[in-house]
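Here the structure comes first, spelled out in structure tokens, and everything after it is commentary.
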Amino acid sequence: MNTEAVKCDCCASDETQKLEQITNVIDLYKNKSGSLIQILHLAQQIYGHLPLKLQEYIANSLGIPLSEVSGVVTFYSFFTTKPRGKHTIRVCLGTACYVRGGKKLVERLEELLNIQIGETTEDGRFTFEIARCIGACGLAPAIMIDDVVYKQVNVNKLESILSKY
Ligand code: FES
């Protein structure tokens with residue numbers, strides 16, 4: 001990939017390092033059949049997301065069409081082409097959480113974060129998503145921030161929970 005395409009002035013050396021790591025991952029896996037998903041996983045871990053330029057670079061390095069790479073990226077929901085926030089907030093809207101106020105939590109978080117579900121805050125701090133049961137039904141409604149589960153959450157607790165991040 002032309003590294004200029006994904007560089008920014010503030011973190012050029014960081015970008016270069018990430019691209020070197022991704023190149024190493026590709027070299028390591030490129031002769032193993034069925035390794036595309038593994039490469040994409042690792043590339044996303046390193047880079048944070050999979051923009052088109054990075055997909056092109058991976059496709060060229062593997063000698064496969066861009067459409068094959070893009071097809072995999074768009075098929076699996078765990079791949080993302082947009083930058084994610086530093087923290088991921090997931091509000092559970094499984095049945096137990098939904099009937100005990102999960103929807104109100106979503107509405108309040110949309111206000112507090114000033115974004116909709118699926119979006120990332122402008123400061124890059126939070127990505128906001130929905131979950132379908134996170135295993136805390138007995139203490140619903142529940143939310144998760146990264147891998148921490150908050151149980152029996154109500155709209156009044158949200159600000160103090162967010163302030164920890
Ligand atoms: S439905 Fe929300 S934790 Fe199970």
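When a ligand or atom number is given, it counts from 1 through the structure's own listing order.
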Notebook entry, point to check: Looking at atom 3 (S) of ligand 1, what's its closest protein heavy atom, distance included?
Noted result: Ala136 N, 3.2 Å
Item checked: Where Val72 and Phe79 come nearest, the two heavy atoms and their spacing -> O-CD1, 3.8 Å
Next item on the list: Walk me through it: do Glu111 and Arg108 pass the test salt bridge (Lys or Arg N to Asp or Glu O under 4.0 Å)?
Entry: CA-CA 5 Å; Glu111 278 173 20; Arg108 183 65 183 135; 2.7 Å; yes
Checklist line | Close approach of Ala140 to ligand 1, heavy atoms, under 4.0 angstrom | finding: no
Distance alone, cut at 3.5 Å: any donor-acceptor contact between the side chains of [X] and [Y]?
X      : Y      : result
Thr120 : Thr127 : yes
Tyr47  : Glu15  : yes
Thr80  : Arg84  : no

Margin query: Which of the numbered atoms in ligand 1 are under 4.0 angstrom from any heavy atom belonging to Gly135?
Written below: 3 (S)
Margin query: So if I count the atoms of ligand 1 from 1 in the order they appear, which ones are less than 4.0 Å from some heavy atom of Ala96?
Written below: 1 (S)
Check: Parallel under 30°, tilted from 30 to 60°, perpendicular over 60°: which one fits the rings of Phe78 and His41?
Finding: parallel
Margin query: Side chain, backbone, both or neither: which applies to Cys92 and ligand 1 if a contact is any heavy-atom pair less than 4.0 Å apart?
Written below: side chain
Checklist line | Contact check: Cys137 to atom 2 (Fe) of ligand 1, N/O/S below 2.8 Å | finding: no
Margin query: At less than 2.8 Å, would any N/O/S atom of Cys97, backbone or side chain, sit next to atom 4 (Fe) of ligand 1?
Written below: no
